[in-house]
Amino acid sequence: MTENPRFIVDHNVGKLAKWLRMMGYDTLFFSGDNDSRMIALARKEDRVILTKDTQIMKRRLVTNGQIKTILIKDDKPEMQMHQVITTLNLDPHFRPFSICLECNQPLLERGKPQVKDLVPPYVFQTQSQYMECPACHRIYWRGTHWQAMTKKLKGFMSNSTER
Ligand SMILES: [Zn+2]
């Protein structure tokens, strides 16, 4: 496996997109139902397909190994993440806080003065590190939401029966 895998997430396991972006892995969300398009995209951009669709596993490019695909077994997003992380031996602390959770764009560092009018006053007083998405201009900081997500990511690595 490459050290820095990129992903394409089928809509039937859509929650995985946010978690993988959270870890810093470049992840496309595929909302359509045209399997051929998704497979073509995976091949063109060298992405690992994550899906619950058993039909995709029968595609020629998948069976002959040209496209790496993981068939997700569980319905629970937590268990799905556990499967992806353990199958590919992913690092949950790969590059946290580096990709927009909504757009999959690499975030840019922003200085405190640049975000003064863009974040709530309480956040501005307590946080010193900010990142901005160049596409949607959403500002990220290491607040409580981010900490909760990081904690959850660590949980995916430990006992899989833990919720
Ligand atoms: Zn964005």
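- Note that CG of Asp35 and CD1 of Ile56 are 4.0 Å apart. Values are rounded to the nearest 0.5 Å.
- Residue-environment remark: CG (Asp33) stays at or below the threshold of 12 foreign heavy atoms within 6.0 Å.
- Residues satisfying the side chain to side chain donor-acceptor pair (under 3.5 Å) test with Ser31, not counting sequence neighbours, are none.
- Of all heavy-atom pairs between Phe124 and Lys116, the closest is CE1-CA, 3.6 Å.
- Counting heavy atoms of neighbouring residues, nucleotides and ligands inside a 6.0 Å radius, atom NZ of Lys52 exceeds 12 of them.
- Under the rule for a side chain to side chain donor-acceptor pair (under 3.5 Å), the partners of Glu45 that lie at least two apart in sequence or sit in another chain are Arg47.
- Within a 6.0 Å sphere centred on CD of Gln147, heavy atoms belonging to other residues, nucleotides or ligands number more than 12.
- When each of Leu28, Asn104, Leu88 is paired with Phe7, the side-chain contact (heavy atoms from CB on, under 4.5 Å) condition holds for Leu88 and for no other.
- Side-chain contact between Val48 and Thr69 is absent, with no heavy-atom pair separated by less than 4.5 Å.
- Minimum interatomic distance between Pro134 and Pro106 (heavy atoms only, all atoms of both residues): CD-O, 3.3 Å.
- For Phe94, the ring-ring contact (aromatic ring centres under 6.0 Å, His included) partners two or more places apart in sequence, or in a different chain, are Tyr25.
- Ion pairing between a basic and an acidic side chain is recognised when a charged N comes within 4.0 Å of a carboxylate O; Glu102 and Arg138 show such pairing.
- In this structure, Arg21 and Leu101 approach most closely via the heavy-atom pair NH1-O, 2.8 Å.
- No cation-pi contact links Lys112 to Tyr130, judged by a cut-off of 6.0 Å to the six-membered ring centre and 45° from its axis.
- Between Asp74 and Gln83, the shortest heavy-atom distance links the atoms N-OE1, 4.5 Å.
- For the pair Thr150/Arg142, no side-chain contact is recorded, criterion being any heavy-atom separation below 4.5 Å from C-beta on.
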